[in-house]
Amino acid sequence: MDDRIGTAGELRLAGPFTIRNAANLHQKLQLALASGQEVTIDLPADSDCDISFVQLLISARCSARAAGKTIRLKNAASGPLLDVLERGGFLAADDSGFWSEGALLQ
């Protein structure tokens, strides 16, 4: 899967989602947020992931909220992303449901 912004604000990302790619991923998220009011992030379930990607998504959520925009995951976190979220304790602290069921957060 190629990284690209699709129709209706869908951002399709290709992994790996690691510190090595953090700057590139950050730029793509910024462009997607600048392009519309709502961004849906589509991630492949089997891509390598580390804590830097979780931090990047949390930051993107905060930026979206501050700008009055909405960001969400197309699908619930799974695979390596879910593993990182569980190990880091992010799921227990997530009262918005962002990581599951593609919940919306403004």
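None of the values given here were measured: they were computed from a predicted structure.
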Note: A45 and P80 closest approach over all heavy atoms is O-CD, 3.2 Å
For I19, the side-chain contact (heavy atoms from CB on, under 4.5 Å) test, sequence neighbours excluded, returns A22, D50, S52
Measure from the side-chain N and O atoms of S59 to the backbone N and O of Q55, and report whether any donor-acceptor pair falls under 3.5 Å. no
side-chain contact (heavy atoms from CB on, under 4.5 Å) filter on E86, not counting sequence neighbours, yields L82, D83, L91
Sorted by chain and residue number, the side-chain contact (heavy atoms from CB on, under 4.5 Å) partners of Q27 (sequence neighbours excluded) come out as N24, L31
Only one of L81, L11, N75 passes side chain to side chain contact (heavy atoms under 4.5 Å, CB included) with L43, and that residue is L81
*Quick one: are I41 and L57 in side-chain contact, heavy atoms under 4.5 Å?*
yes
| query | Is K74 paired with E10 through a side-chain N to carboxylate O contact shorter than 4.0 Å? | reply | yes
Legend entry - I71 and E38, any side-chain heavy atoms less than 4.5 Å apart: no
Determine, step by step, whether S96 and R61 satisfy the side chain to side chain contact (heavy atoms under 4.5 Å, CB included) criterion, reporting the C-alpha distance in whole Å, the side-chain angles of both residues, the deciding distance to 0.1 Å, and the verdict. CA-CA 11 Å; S96 70; R61 291 170 61 194; 2.9 Å; yes
Here the ring pair (Phe, Tyr, Trp, His ring centres under 6.0 Å) pairs for residues 25-53, sequence neighbours left out, are F17-F53
Taking every heavy atom of F90 against every heavy atom of V84, the minimum-distance pair comes out as CD1-O, 4.3 Å
*asked:* Closer than 3.5 angstrom, by distance alone: can the side chain of K69 be matched with the main-chain N or O of L33 as a donor-acceptor pair?
replied: yes
Correct closest heavy-atom pair for A32 and S35 would be O-OG, 2.7 Å
So, D48 side chain and P16 main chain: donor-acceptor pair closer than 3.5 Å or not? no
